[in-house]
J.: 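Right, I'll just put the structure down here and ask away after.
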Amino acid sequence: RLTECLREDFPVLRQTLGDETFDTFMLDYLQAHPPASYTLGRLGVNLSCYLRESRPDRTDSTPDWADFLAELAEFEWLISEVFDGPGDEESSSIPITSDEPDHQGECFVICSPSLRLAEFQFPVAMYHAAVKAGTIKTIPKPEPSWVAIVRDNFVVKHFLLSQDEFHLLTRFKNGQSLLAAFEDEISKTSLVADVIDETWISSHFARWRRCDFILGTTPVRPTEPHEC
């Protein structure tokens with residue numbers, strides 16, 4: 001029964017490994033991490049860590065198939081967490097004062113309660129979608145990728161991000177104001193101050209709203225658990 005639960009939580013990992021190999025991996029995982037709760041909803045929480053810890057010794061620093069499997073497990077677990085966690089359905093109580101960024105004054109961005117952000121060494125989100133669609137079966141080559149996962153009306157969706165978007169959204173999620181987040185990002189990454197104007201901010205803000213990453217802004221730093 002426990003292996004069947006893990007099959008449901010990690011369907012693409014199972015397809016990638018094949019049923020027999022997947023079940024062998026899961027039995028070893030369950031021996032190392034037996035269920036610690038009466039509910040099976042958290043059964044796979046440690047799988048990606050286990051796959052990283054139990055991987056074969058590296059031959060060099062290049063990401064390999066073992067890294068890919070761990071990242072795929074991490075991605076699928078994030079999907080499960082977003083599905084079972086809070087979503088925009090409960091966002092009506094969050095104090096949003098504006099749907100647009102404030103270009104003149106300080107404001108804080110309110111993220112979706114369901115938003116999860118992840119950085120990978122492989123294009124795991126693209127691979128996951130392709131396997132679901134039946135269009136790919138080979139493990140991709142290493143390629144950095146940044147992903148946002150959200151839930152809207154009880155449907156989990158994921159989106160590819162640019163590296164800059166990933167860092168900015170992470171800063172919002174960690175409580176930085178809009179202005180501080182952009183200033184820090186310009187000073188530490190590839191963003192160029194000359195191109196970060198009101199149009200650039202508004203266009204990205206509009207995309208994040210359309211994709212349900214963010215709900216709006218407030219002039220006061222939120223103190224509720226939904227804050228970014």
Side-chain angles (χ1 to χ4, degrees), residues 1-58 62-87 112-161 166 170 173 211-213:
R1 182 189 176 195
L2 297 180
T3 302
E4 290 176 0
C5 291
L6 291 169
R7 283 188 176 198
E8 292 178 3
D9 285 337
F10 302 95
V12 174
L13 181 64
R14 179 183 63 80
Q15 285 185 255
T16 301
L17 290 171
D19 288 346
E20 184 175 350
T21 302
F22 178 86
D23 288 350
T24 299
F25 272 54
M26 296 309 105
L27 289 173
D28 291 342
Y29 164 68
L30 290 169
Q31 285 188 339
H33 295 275
S37 172
Y38 66 89
T39 174
L40 299 180
R42 303 287 293 170
L43 189 62
V45 65
N46 295 309
L47 181 58
S48 62
C49 292
Y50 169 77
L51 292 175
R52 289 185 173 96
E53 293 167 356
S54 62
R55 57 155 293 131
D57 292 337
R58 293 183 179 277
T62 304
D64 59 15
W65 63 271
D67 295 311
F68 173 76
L69 295 178
E71 290 195 341
L72 181 57
E74 179 184 350
F75 178 72
E76 292 205 286
W77 185 251
L78 283 172
I79 291 175
S80 294
E81 284 193 323
V82 171
F83 181 79
D84 292 331
S112 164
S114 68
L115 179 65
R116 299 291 186 277
L117 302 167
E119 181 176 14
F120 298 107
Q121 300 175 94
F122 287 85
V124 290
M126 293 179 62
Y127 174 84
H128 187 274
V131 171
K132 285 283 193 179
T135 59
I136 191 173
K137 294 183 179 180
T138 57
I139 293 177
K141 295 180 180 180
E143 180 183 346
S145 64
W146 300 270
V147 181
I149 305 173
V150 292
R151 195 181 83 210
D152 179 42
N153 291 323
F154 301 101
V155 176
V156 177
K157 302 179 287 186
H158 67 263
F159 300 85
L160 297 179
L161 302 173
F166 171 80
T170 298
K173 196 171 174 63
C211 295
D212 299 310
F213 302 162

J.: Look at the side chain of Thr135 and the backbone N and O of Ala130, then say whether any donor-acceptor pair between them is shorter than 3.5 Å.
T.: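 Yes, because the side chain of Thr135 sits within donor-acceptor range (under 3.5 Å) of the backbone of Ala130.
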J.: Can you check whether Arg52 reaches Glu71 side chain to side chain, under 4.5 Å on heavy atoms?
T.: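 A side-chain contact exists here, since the closest heavy-atom pair is under 4.5 Å.
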J.: Of all heavy-atom pairs between Asp9 and Ser80, which one has the smallest distance, and what is that distance?
T.: OD1-OG, 3.8 Å
J.: Evaluate side-chain contact (heavy atoms from CB on, under 4.5 Å) for Arg7 paired with Asp19, printing each intermediate quantity in order.
T.: CA-CA 9 Å; Arg7 283 188 176 198; Asp19 288 346; 3.8 Å; yes
J.: What are the two closest non-hydrogen atoms of Pro63 and Pro142, and how far apart are they?
T.: O-CG, 3.5 Å
J.: For a quick test of reading the model, state the closest non-hydrogen atom pair linking Arg151 to Asp84 and the distance between them.
T.: NH1-C, 4.1 Å
J.: Is the number of heavy atoms from other residues, nucleotides or ligands under 6.0 Å of Phe83 CZ greater than 12?
T.: no
J.: Using 30° and 60° as the class boundaries, would you call the ring planes of Trp77 and Phe10 parallel, tilted or perpendicular?
T.: parallel
J.: Can you name the residues that form a ring pair (Phe, Tyr, Trp, His ring centres under 6.0 Å) with Tyr29, not counting sequence neighbours?
T.: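 In terms of ring pair (Phe, Tyr, Trp, His ring centres under 6.0 Å), with neighbours along the sequence ignored, Tyr29 is linked to His33, Tyr50.
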J.: Which atom names give the shortest non-hydrogen contact between Thr3 and Phe22, and what distance separates them?
T.: O-CE2, 4.5 Å
J.: Run Leu30 and Leu43 through side-chain contact (heavy atoms from CB on, under 4.5 Å) and show every step you take.
T.: CA-CA 9 Å; Leu30 290 169; Leu43 189 62; 3.8 Å; yes
J.: Of all heavy-atom pairs between Gly44 and Leu6, which one has the smallest distance, and what is that distance?
T.: CA-CD2, 3.8 Å
J.: Are His128 and Ile79 side-chain neighbours, meaning at least one heavy-atom pair lies under 4.5 Å?
T.: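 They are in contact (side-chain heavy atoms under 4.5 Å apart), so the answer is yes.
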J.: Is a side-chain N or O of Lys173 found less than 3.5 angstrom from the main chain of Leu117, in a donor-acceptor match?
T.: no
J.: For the CD atom of Glu119 and the CG atom of Leu161, what is their distance to the nearest 0.5 Å?
T.: 10.5 Å
J.: Would you find a donor on one side and an acceptor on the other, under 3.5 Å apart, between the side chain of Glu76 and the backbone of Leu13?
T.: yes
J.: Okay, side chain of Asp64, backbone of Asp67: is any donor-acceptor separation there less than 3.5 Å?
T.: yes
J.: Heavy-atom distance under 4.5 Å between the side chains of Asp28 and Ser54, does that happen here?
T.: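 When only atoms from C-beta onward are counted, Ser54 and Asp28 do not touch, as no gap falls below 4.5 Å.
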J.: Please list, chain by chain and in numerical order, all residues satisfying ring pair (Phe, Tyr, Trp, His ring centres under 6.0 Å) with Phe68, sequence neighbours excluded.
T.: Phe122, Tyr127
J.: Testing the basics here: between Ser48 and Ala70, what is the closest heavy-atom pair and its distance to 0.1 Å?
T.: CB-O, 3.4 Å
J.: Can we say Glu8 and Arg14 salt-bridge, meaning some charged N sits less than 4.0 Å from an Asp/Glu carboxylate O?
T.: no
